Amino acid sequence: MSATAQPEVVTRFAPSPTGFLHIGNARTGLFSWLYARHHGGRALLRIEDTDAARSTKEAIDVILDGLKWLGVDWDGHEYYQSQFQARHAEVANEMVELGHAYRCYMTAEQLAAGREKAQAEKRPYRVESPWRDGAPAGDGAFVVRLKAPREGETVIDDLVQGRVTVRNAELDDMVLLRSDGTPTYMLAVVVDDHDMGVTHVIRGDDHLNNAFRQLAIVRAMGWPEPVYAHVPLIHGYDGAKLSKRHGALGVDAYRDELGILPEALFNYLLRLGWGHGDDEVISKEQAIEWFDLAQVGKSPSRFDLKKLENLNGHYIREADDGRLAGLTAPRVGKLIGRDLSTAEIELLVRAMPELKPRAKNLNELAENSTFLFQARPLDFDEKAAQLLAGDSPRLLARAWSALNALDEWTALATEAAVRSTAESAGAKLGQVAQPLRAALTGRATSPGIFDVLVLLGREESLARIADRMDGAE
RNA sequence: GGCCCCAUCGUCUAGCGGUCCAGGACGUCGCCCUUUCACGGCGAAAACACGGGUUCGAUUCCCGUUGGGGUCACCA
């Protein structure tokens with residue numbers, strides 16, 4: 001808390017539980033969180049769970065877990081919109097008493113007829129309720145409608161969008177309270193944001209139009225007006241709206257299915273639609289220090305999985321070997337059909353320095369490490385099989401002898417042995433090394449062959465070579 | 001369709017009237033390193049949507065066109 005009169009910044013992220021944390025929502029949440037952290041304010045979380053059918057415990061946990069994994073925490077407990085319904089109704093009724101809202105008895109049929117007529121006349125439809133101006137109360141069911149201003153215009157100085165002006169004639173008398181007495185989303189957000197003390201409403205720009213109508217409620221109640229910031233949505237790589245088909249996966253899918261590290265997704269999402277000079281790799285601490293809404297672009301940006309994976313590769317290379325092994329082990333287990341033993345996980349940790357520069361996600365890391373754990377005789381892929389044909393068994397036999405004669409089993413020693421084998425056989429190093437690689441890993445590509453030899457150990461290495469050499473029993 | 005917003009390399013972006021025949025990153029393509037694949041290093045191709053203004057001077061300001069997006073519920 002500063003001693004100056006700067007009011008505290010309070011932001012909120014308000015996702016509705018749809019069963020997954022959409023990547024675009026996650027970015028909006030990230031921005032909202034960063035803005036609060038940057039200004040030393042509070043970042044709040046409110047679950048918009050008024051749709052009881054969708055708002056299951058599981059759906060809510062997906063969001064909570066996703067944010068936590070991303071490293072986006074929030075202050076205090078999370079709020080649940082469904083708990084404030086009585087309060088919403090109270091505000092709606094107060095607005096009726098104040099003359100800023102009214103009970104409307106129009107039927108669904110009347111509304112539909114009005115809409116149809118407007119469409120036929122090719123003019124925009126606006127609710128024209130006789131009860132707006134005090135028609136005597138009807139006797140059927142009613143909704144409470146906002147008595148929206150009709151003259152003049154409403155201006156919002158949006159932190160991202162700039163100054164946006166809309167003529168009040170465009171605004172509608174939207175429903176605040178449904179005929180069953182429950183609040184609509186429009187009412188609920190405004191009331192909750194006010195009650196929670198939210199000063200900065202940072203959300204997707206699909207809400208920009210709503211802001212004008214919501215502001216009407218704020219003003220009717222005489223509440224302090226929040227600062228708005230509507231950040232653009234994320235699009236798919238082809239420019240179309242992000243659908244499941246091209247990347248609109250939940251945050252959990254990036255973690256579980258694509259094997260993305262949280263710091264990579266954090267960094268990628270941050271750089272999507274926001275920039276700080278030429279900086280590409282940005283830590284959380286730097287992000288908090290540098291982030292500002294003013295630099296957020298106004299146009300929607302496209303999601304590029306290639307760039308995310310490049311960043312992910314960077315963070316994998318930087319990550320601690322033990323942590324990576326822990327994340328990779330279960331994936332390896334799935335690939336080889338059994339869990340890794342403690343000793344095998346330790347081997348994975350030791351192999352990590354050689355493994356991690358070759359992977360851009362955890363799945364690749366797992367795939368590239370399976371050779372360490374496969375039981376003899378190995379399976380060979382097509383390219384490996386080719387490498388083991390022709391003269392290779394003979395060269396492998398010579399390599400086997402040279403290696404078998406070694407006193408110490410180090411990368412240096414094995415390299416010397418293999419090099420002299422090649423030399424004495426009149427072959428290039430590659431002519432020996434490649435078959436060796438195939439025999440040891442079952443593949444044509446792998447970490448450096450001498451590192452592989454050391455990781456596998458003397459006994460296993462010699463046995464694997466023997467399996468493929470001339471004179472193999 | 002009405003209303004609102006947007007527009008720099010394929011993608012993410014830097015640029016906030018002259019420093020820009022436009023910089024960085026991913027991707028692509030070469031070369032180097034090298035036992036493979038990566039990593040790393042070096043280099044190349046690649047953009048100011050179009051048309052009018054304003055100005056001594058526009059990528060930068062204004063208008064229009066085109067293109068894209070959002071939104072128009074008793075959903076959130």
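Every chain is numbered from 1 and lettered A, B, ... according to where its sequence line falls, protein lines coming before strand lines. Computed from a predicted model, the values in this text were never measured in an experiment.
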Taking any heavy-atom pair under 4.0 Å as a contact, classify [X]: base, sugar-phosphate, or nothing.
X       : value
M186(A) : base
H276(A) : nothing
V175(A) : sugar-phosphate
T50(A)  : sugar-phosphate
S446(A) : base
S179(A) : base
G204(A) : nothing
P232(A) : nothing
R317(A) : sugar-phosphate

Paired with [N]: which nucleotide, if any, by Watson-Crick or G-U wobble criteria at under 3.5 Å for both distances?
N      : result
A49(B) : U65(B)
C16(B) : none
G1(B)  : C72(B)
C26(B) : G10(B)

>> I'd like to know whether CD of E151(A) has more than 12 heavy-atom contacts from other residues, nucleotides or ligands below 6.0 angstrom.
In response: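 Incorrect, the count does not exceed 12.
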
>> Can you confirm if the aromatic rings of Y185(A) and H207(A) lie within a centre distance of less than 6.0 Å?
In response: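 Yes: the rings meet the under 6.0 Å criterion.
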
>> Could you check whether Y268(A) and F303(A) have their ring centres less than 6.0 Å apart?
In response: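 Between F303(A) and Y268(A), the centre distance is under 6.0 Å.
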
> Ion pair present between E225(A) and R219(A), side-chain N to carboxylate O less than 4.0 angstrom?
Replying inline: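 Looking at E225(A) and R219(A), the cut-off is met.
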
Kindly say whether, by distance alone, the side chain of [X] makes a donor-acceptor pair under 3.5 Å with the base of [N]?
X       : N      : value
R358(A) : C39(B) : no
K360(A) : A38(B) : no
S301(A) : C12(B) : no

Nearest-angstrom distance from the residue atom [atom1] of [X] to [atom2] of [N]:
X       : N      : atom1 : atom2 : answer
N312(A) : G27(B) : CG    : C1'   : 16 Å
Y185(A) : U71(B) : OH    : P     : 11 Å
R12(A)  : A76(B) : CZ    : P     : 15 Å
I282(A) : A25(B) : CD1   : P     : 14 Å
R271(A) : U13(B) : CZ    : P     : 7 Å
I234(A) : G68(B) : CD1   : P     : 21 Å
L272(A) : U11(B) : CG    : P     : 13 Å
Y268(A) : C12(B) : OH    : P     : 8 Å

> Does N368(A) make a side-chain N or O approach to OP1 or OP2 of A38(B) shorter than 4.0 Å?
Replying inline: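 The answer is no; no side-chain N or O of N368(A) sits under 4.0 Å from OP1 or OP2.
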
> Should R213(A) be listed as having a side-chain N or O under 4.0 Å from OP1 or OP2 of U71(B)?
Replying inline: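 It does not, given that no N or O in the side chain of R213(A) lies less than 4.0 Å from OP1 or OP2 of U71(B).
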
> Just by distance, do the side chain of Q161(A) and the backbone of H230(A) share a donor-acceptor pair under 3.5 Å?
Replying inline: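 Judged by distance alone, yes, a pair lies under 3.5 Å.
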
>> Students often mix this up, so state it plainly: with edges at 30° and 60°, are the rings of H22(A) and F20(A) parallel, tilted or perpendicular?
In response: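 H22(A) vs F20(A) ring planes: perpendicular.
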
> With a cut-off of under 6.0 Å to the ring centre and 45° to the axis, is R464(A) in cation-pi contact with F371(A)?
Replying inline: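 Not satisfied by the 6.0 Å and 45° rule.
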
> Rounding to the closest angstrom, what is the interatomic distance between C20(B) and G1(B) at atom P?
Replying inline: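 Straight-line distance between the two P atoms is 42 Å.
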
Check every atom of [options] against the side chain of [X] and return the nucleotide holding the closest atom.
X       : options                : answer
K307(A) : G24(B), A76(B), U36(B) : G24(B)
S16(A)  : C37(B), A76(B), C74(B) : A76(B)
L111(A) : C74(B), A38(B), U11(B) : C74(B)
F450(A) : G10(B), U35(B), G24(B) : U35(B)

Is there any protein nitrogen or oxygen under 3.5 Å from a nitrogen or oxygen in nucleotides 1-6 of chain B, and what are the pairs?
from, atom 1, to, atom 2, distance (Å)
C5(B), O2', Q161(A), OE1, 2.9
C6(B), OP1, K298(A), NZ, 2.6

>> Heavy-atom nearest nucleotide on RNA chain B for G275(A) versus D172(A): which residue maps closer to 5'?
In response: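 Whichever sits nearer the 5' end wins; that is G275(A).
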
>> Can you confirm whether H88(A) sits close enough to D192(A) that some side-chain heavy atom of one is under 4.5 Å from a side-chain heavy atom of the other?
In response: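 Side chain of H88(A) against side chain of D192(A), heavy atoms only: contact under 4.5 Å found.
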
Give the table of side-chain donor-acceptor pairs shorter than 3.5 Å for residues 310-317 of chain A, with sequence neighbours excluded, one pair per line with atom names and distance.
from, atom 1, to, atom 2, distance (Å)
N312(A), OD1, L261(A), N, 2.8
N312(A), ND2, G259(A), O, 3.2
N312(A), ND2, K360(A), O, 2.8
H314(A), NE2, E318(A), OE2, 3.3
Y315(A), OH, N267(A), OD1, 2.5
R317(A), NE, G313(A), O, 3.3

> Are S446(A) and R437(A) linked by a side-chain donor-acceptor pair shorter than 3.5 Å?
Replying inline: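 Checked: S446(A)/R437(A) side chains pair up, N/O donor to acceptor below 3.5 Å.
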
